[in-house]
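Worksheet: one structure, shown below.
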Amino acid sequence: MPQSTPQPLMIEARGVSKHFSTGAGQVELFSDLNLNVARGESLAIVGRSGAGKSTLLSLLAGLDTPSQGSVKIDGQLIETLDDRQRAELRARTISFIFQSFHLLPELTALDNVRLPLEIRGAAEPEQEARYWLDAVGLGGRTEHYPAQLSGGEQQRVAIARAFATRPRLLFADEPTGNLDEETGASIIEQLFRLNRQQGATLILITHDPDLAARCQRRLRLHNGVLTELEP
């Protein structure tokens, strides 16, 4: 029987460790972690608060550097890139949904979504931004600034911004944590639609077991060890 061709990797992490120096000494969050994520795969990382999930996400996205080990994004070894090259890689490949939104306070909701589209050279950035704000239920709030929006509305702007660039790799840290049940369910459908229809690799952190179960793979980070969970 012919063997299937392995799917190319979007993320390849080898021997990744992260430790911090504190007044009480050195704290090791995790060490010697290995992880492969195929292109187009959906992966959930679960674990208790403080286990290091968000730090691991930052390392896999090239926002932070490991104390030891290496991370490749789409075949590119992150530590060989300077700050400008990393920013360019993220701009053309990656989108993020953060718990803390990271919206620019001086820009309207529309401009927060439009900016990354302009950076990528989109043909019609304003039209695309309006489309995605409408898709998350904020078509009537485009000219509002973050301070004029509720926490749930700010989260939806952040989600629209992440979807708008149609990324090849999407990182989501508790993407529905600030949303009501109905809106959260709609956003989740859009997350997995992006994964399925556009082949976007999806890596998310969640405490929601139902959301984690929708992913193709689930990993638990506990006591510095990354363990694959049964389907």
Side-chain angles (χ1 to χ4, degrees), residues 3-18 29-47 51-81 85-99 159 162-163 165-176 187-222 224-231:
Q3 294 183 343
S4 60
T5 303
Q7 187 76 357
L9 295 179
M10 179 57 76
I11 295 286
E12 184 178 358
R14 291 288 174 268
V16 169
S17 302
K18 189 66 178 179
L29 199 54
F30 44 74
S31 66
D32 200 30
L33 296 186
N34 298 298
L35 176 62
N36 288 341
V37 185
R39 291 179 188 171
E41 188 172 23
S42 58
L43 172 71
I45 301 174
V46 302
K53 302 185 300 298
S54 294
T55 300
L56 177 58
L57 206 69
S58 293
L59 295 175
L60 298 178
L63 294 171
D64 194 4
T65 55
S67 303
Q68 283 93 35
S70 65
V71 176
K72 287 183 180 179
I73 298 177
D74 203 19
Q76 182 67 62
L77 195 60
I78 294 301
E79 55 261 39
T80 65
L81 306 179
Q85 291 169 324
R86 290 187 193 192
E88 288 176 352
L89 175 64
R90 289 193 295 268
R92 70 174 182 264
T93 305
I94 303 172
S95 282
F96 305 90
I97 302 172
F98 298 102
Q99 286 190 72
I159 290 167
F163 286 164
T165 55
R166 304 179 190 272
R168 296 172 59 201
L169 174 58
L170 176 59
F171 291 96
D173 192 350
E174 295 290 357
T176 60
I187 294 302
I188 292 306
E189 289 304 318
Q190 291 173 340
L191 272 175
F192 286 98
R193 190 178 305 123
L194 188 72
N195 169 245
R196 290 190 310 271
Q197 296 180 354
Q198 299 185 35
T201 306
L202 173 62
I203 302 177
L204 60 86
I205 288 174
T206 183
H207 286 97
D208 183 345
D210 292 332
L211 174 55
R214 294 191 59 172
C215 292
Q216 293 168 308
R217 292 169 60 203
R218 295 178 300 143
L219 300 174
R220 173 176 286 121
L221 183 59
H222 179 68
V225 177
L226 203 55
T227 305
E228 187 114 17
L229 300 177
E230 293 294 327

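Sequence positions, counted from 1, serve as the residue numbers for this chain.
- Note that the CD1 atom of Ile73 and the CD atom of Glu12 stand 12.0 Å from one another [nearest 0.5 Å].
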Show me, pair by pair, the donor-acceptor contacts under 3.5 angstrom made by side chains of residues 213-222, not counting sequence neighbours?
from, atom 1, to, atom 2, distance (Å)
Arg214, NH1, Glu189, OE2, 2.8
Arg214, NH2, Glu189, OE2, 3.3
Gln216, OE1, Ser42, N, 2.8
Arg217, NE, Glu228, OE2, 2.9
Arg217, NH1, Asn36, O, 2.8
Arg217, NH1, Glu41, OE1, 3.3
Arg217, NH1, Glu41, OE2, 3.4
Arg217, NH2, Glu228, OE1, 3.2
Arg218, NH2, Glu230, O, 2.3

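- Counting all heavy atoms, side chain and backbone alike, Ala162 lies closest to Leu170 at CB-CD1, 3.9 Å.
- Judged as a salt bridge (Lys or Arg N to Asp or Glu O under 4.0 Å), the pairs with a partner in residues 87-97 (not counting sequence neighbours) are, in order, Arg84-Glu88.
- When all heavy atoms are compared, the tightest approach of Leu33 to Gly224 is CD2-O, 3.4 Å.
- Note that CD1 of Ile94 is 7.5 Å distant from CG of Leu63, once rounded to the nearest 0.5 Å.
- The side-chain hydrogen bond (donor to acceptor under 3.5 Å, both in side chains) search around Arg86 returns none, not counting sequence neighbours.
- Screening residues 201-212 for side chain to side chain donor-acceptor pair (under 3.5 Å), with sequence neighbours left out, gives Glu174-His207.
- Residues Ala200 and Pro167 approach most closely at CB-O, 3.3 Å, considering heavy atoms.
- Across Val71 and Glu79, no two heavy atoms sit closer than the pair N-OE1, 3.6 Å.
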- CA sep, side-chain torsions, deciding dist, call: Asp74, Arg39, side chain to side chain contact (heavy atoms under 4.5 Å, CB included): CA-CA 8 Å; Asp74 203 19; Arg39 291 179 188 171; 2.8 Å; yes
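- Ser17 places a side-chain N or O within donor-acceptor distance of the main-chain N or O of Asp32, the cut-off being under 3.5 Å.
- Scanning for ring-ring contact (aromatic ring centres under 6.0 Å, His included) contacts around Phe171 gives Phe96, with sequence neighbours left out.
- Taking CD1 of Ile78 as the reference point, atom OG of Ser70 lies at 10.0 Å (rounded to 0.5 Å).
- Between Asn34 and Gly15, the closest heavy-atom pair is OD1-N, 2.8 Å.
- Distance CD1/Ile11 to CD1/Ile203: 4.5 Å, rounded to 0.5 Å.
- Between Leu169 and Val37, every side-chain heavy-atom pair lies at or beyond the 4.5 Å cut-off.
- Within the structure, side chain to side chain donor-acceptor pair (under 3.5 Å) pairs that include any residue of residues 51-67 comprise Lys18-Asp64, Ser54-Asp173 (at least two apart or interchain).
- Counting only heavy atoms from C-beta outward, the side chains of Leu81 and Gln76 approach each other to under 4.5 Å.
- Heavy-atom minimum distance, Phe163 versus Leu194: CD2-CD2, 3.8 Å.
- With rounding to the nearest 0.5 Å, the separation of CZ in Arg196 from CG in Leu202 is 11.0 Å.
- The distance from atom CD1 of Ile97 to atom CG of Leu191, rounded to the nearest 0.5 Å, is 5.0 Å.
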